Undergrad: 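What follows is a structure written as structure tokens; I'll ask about it next.
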2 protein chains.
Amino acid sequence: MLELAVLGLLKERPMHGYELRKQLTQRLGLFWTVSFGSLYPTLKRMERRGAVARAEVRGEGRMRQVYRVTPAGELLFLDLLCEGLDTPEQERFPLRMAFLGHVGPELRIRLLERRKRWLQDRLEAGSQSLRHLSPGADAYATSLVRHGLDHTERDIAWLDDLLATERHRLDEERGSWPCAGGTPPEPPLYPSTQEMPTP
Amino acid sequence: MLELAVLGLLKERPMHGYELRKQLTQRLGLFWTVSFGSLYPTLKRMERRGAVARAEVRGEGRMRQVYRVTPAGELLFLDLLCEGLDTPEQERFPLRMAFLGHVGPELRIRLLERRKRWLQDRLEAGSQSLRHLSPGADAYATSLVRHGLDHTERDIAWLDDLLATERHRLDEERGSWPCAGGTPPEPPLYPSTQEMPTP
DNA sequence: AATTTCATGTAATTCGTTACATGATTCC
DNA sequence: GGAATCATGTAACGAATTACATGAAATT
């Protein structure tokens, strides 16, 4: 979880712990916030493992420990991004999504499709339990499940949008680059298909 | 978390561990599932603490450990339900919601309002980071945040619905019963205001 | 001068998971 | 007779949190 986030951010540019957290909050604050108590130990651990490299840098103010991704870290990033796809944990998806720009269109599509399938299963299971639950009984529990299903449907619709755009782009440019290997040939802009309701 | 769930379910009727999990999955499966590896130890711990009482019962098939809530457990339930309201953790709310029928209208309203305020803050923070993020950069991250905000807005609308109904009912019946003490005078049915999209 | 923000870290604890182990009962 | 489900548990581990501790630099 945290490791994936760290690698994803550091891939964009080297950063120190404190900034890392700020960036993370910016992108994933709605879904997740890290505490320093887990961030700093994680950075050290990853340095020991050789996934990131540290450099002591004198910034504007005081000393900072600036980290960057190593080649081994690049591989780890892909591993973590693809890991647990068969049991795609709910909370982990936003993380994958936030760094989807770091991989090629084919992998992106695979990841999005997996997620969609998982949501559909969820929808099925939810409807099931709703039928079993509905007989009069618990109005709050029922409302909760209904609301959850509503969200799930929206998630699926959102993914469909993303997938459509993705596939459309895949047809145009034929510079495919698979799961492993070098850096992306400038990850192209993603035209946001989501409307902003009331800004 | 788990303790609240266990107490909430056992308040309705005594159950054994296995059934407890089934019920839990039914109501909260969309948001959370427990493993036996945590459920059984939790039951034992709660028994030691006196929050639940165990009885060995010969069911249809084999022997079962059937648990029920003690008076101390009733108090604990309320504590846990109200706990951490000032830092209302995202994942915990569905749990509160699922057992909202076990408390009186006043407390219900307070819980729902807290949640709403939290979501509004979240909305604010999200819009903020969206503004800061939007300049061209990361299309996936941006789309993710937008989508998250969309969900948050729906959550708020849902809560408004619930609150409206709740307040309306509070006006009619004046048999109020506060946070502590006895059992509710038959928790009244909640008219589900949520439309079922495609059943 | 005081407060806030920046910046880094450690230790104890919480809360859960996975994997393992066992065995009865029911269904086919 | 074999598989699936029911039913209960333990042990090892994981991933994060909270609380604690420190101190420099910027802001007011």
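Just so you know, these numbers come straight off a predicted model, no measurement behind them. Atoms considered below: every heavy atom in the structure, side chains included; atoms not considered: hydrogens, waters and symmetry mates. In what follows, every chain begins at residue 1, and chains take the letters A, B, ... in the order their sequences are listed.
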Undergrad: To the nearest Å, give me how far apart CZ (B:R64) and C1' (C:dG23) are.
TA: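 Value for this atom pair: 15 Å.
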Undergrad: At under 4.0 Å, does any side-chain N or O of B:R58 touch on OP1 or OP2 of C:dT25?
TA: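 It does, given that an N or O in the side chain of B:R58 lies less than 4.0 Å from OP1 or OP2 of C:dT25.
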Undergrad: Please pick, from C:dG16, D:dT17, D:dT8, the nucleotide with the shortest atom-to-atom distance to any side-chain atom of B:F36.
TA: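 Selected nucleotide (nearest to the side chain): D:dT8.
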Undergrad: Specify whether A:H151 and A:H147 have parallel, tilted or perpendicular ring planes, treating 30° as the upper limit for parallel and 60° as the lower limit for perpendicular.
TA: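 Aromatic pair A:H151/A:H147 classed tilted.
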Undergrad: Please tell me which of the listed nucleotides, C:dC15, C:dT8, D:dT8, lies nearest to the side chain of B:M1?
TA: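 Side chain of B:M1 sits closest to C:dC15.
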Undergrad: Can you tell me how far P of C:dA7 sits from OH of A:Y40, to the nearest Å?
TA: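 Between P of C:dA7 and OH of A:Y40: 8 Å.
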Undergrad: NA contact type, B:G17, heavy-atom cut-off 4.0 Å: base, sugar-phosphate, or nothing?
TA: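 It contacts sugar-phosphate atoms only.
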Undergrad: Rounded to whole Å, please give me the gap between CZ in B:R92 and C1' in C:dT14.
TA: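 Answer to the nearest Å: 12 Å.
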Undergrad: Starting at the 5' end of DNA chain D, which residue's closest nucleotide do you reach first, B:Y67 or A:T33?
TA: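 In this pair, the answer is B:Y67.
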Undergrad: Return the value, rounded to whole Å, for the distance between atom CD of B:Q90 and atom P of D:dT17.
TA: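 So the two atoms are 14 Å apart, to the nearest Å.
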Undergrad: Should B:S35 be listed as having a side-chain N or O under 4.0 Å from OP1 or OP2 of C:dT17?
TA: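 True: B:S35 side-chain N/O within range (under 4.0 Å) of C:dT17 OP1/OP2.
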Undergrad: Closer than 4.0 angstrom, basic N to acidic O: yes or no for A:E153 and B:R154?
TA: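 No, A:E153 and B:R154 are not salt-bridged.
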Undergrad: Any side-chain N or O of B:S38 less than 4.0 Å from the OP1 or OP2 oxygen of C:dC15?
TA: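 No.
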Undergrad: Show your reasoning for whether side chain to side chain donor-acceptor pair (under 3.5 Å) applies to A:R146 and A:S143.
TA: CA-CA 5 Å; A:R146 255 199 262 275; A:S143 178; over 6 Å; no
Undergrad: Looking only at side-chain N and O atoms, does B:K44 come under 4.0 Å of OP1 or OP2 in D:dT10?
TA: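 Yes, because at least one side-chain N or O of B:K44 sits under 4.0 Å from OP1 or OP2 of D:dT10.
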Undergrad: On the ring face of B:Y18, is B:R64 found with NZ or CZ under 6.0 Å from the centre and within 45° of the axis?
TA: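 Because its charged atom misses either the 6.0 Å distance or the 45° angle limit, B:R64 does not stack over B:Y18.
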Undergrad: Going by modelled atom types, is there a donor-acceptor pair between the base of D:dA7 and the side chain of B:R62 at under 3.5 Å?
TA: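 Flag set: donor-acceptor pair detected.
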Undergrad: Starting from P on D:dT8, measure out to CE on B:M15 and report it in whole angstrom.
TA: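 In whole Å, D:dT8 P and B:M15 CE are 12 Å from each other.
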Undergrad: Just how far, in rounded Å, is P of D:dA7 from CD of B:Q65?
TA: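 After rounding, the reported distance stands at 12 Å.
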Undergrad: Quick one: which of D:dA7, C:dG16, D:dG9 gets closest to the side chain of B:L2?
TA: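 Given the options D:dA7, C:dG16, D:dG9, the side chain of B:L2 is closest to C:dG16.
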Undergrad: Could you state the atom-to-atom distance from CG of B:L20 to P of D:dG9 in whole Å?
TA: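 Taking atom P of D:dG9 as the reference, CG of B:L20 is at 13 Å.
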Undergrad: So is B:K11 actually on top of B:F77's ring, under 6.0 Å and inside 45° of the axis?
TA: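 Judged by the rule (NZ or CZ under 6.0 Å from the ring centre, within 45° of its axis), B:K11 counts as positioned above B:F77.
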Undergrad: Rounding to an integer number of Å, can you tell me how far B:R21 CZ sits from D:dG9 P?
TA: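 Interatomic distance, CZ of B:R21 to P of D:dG9: 15 Å.
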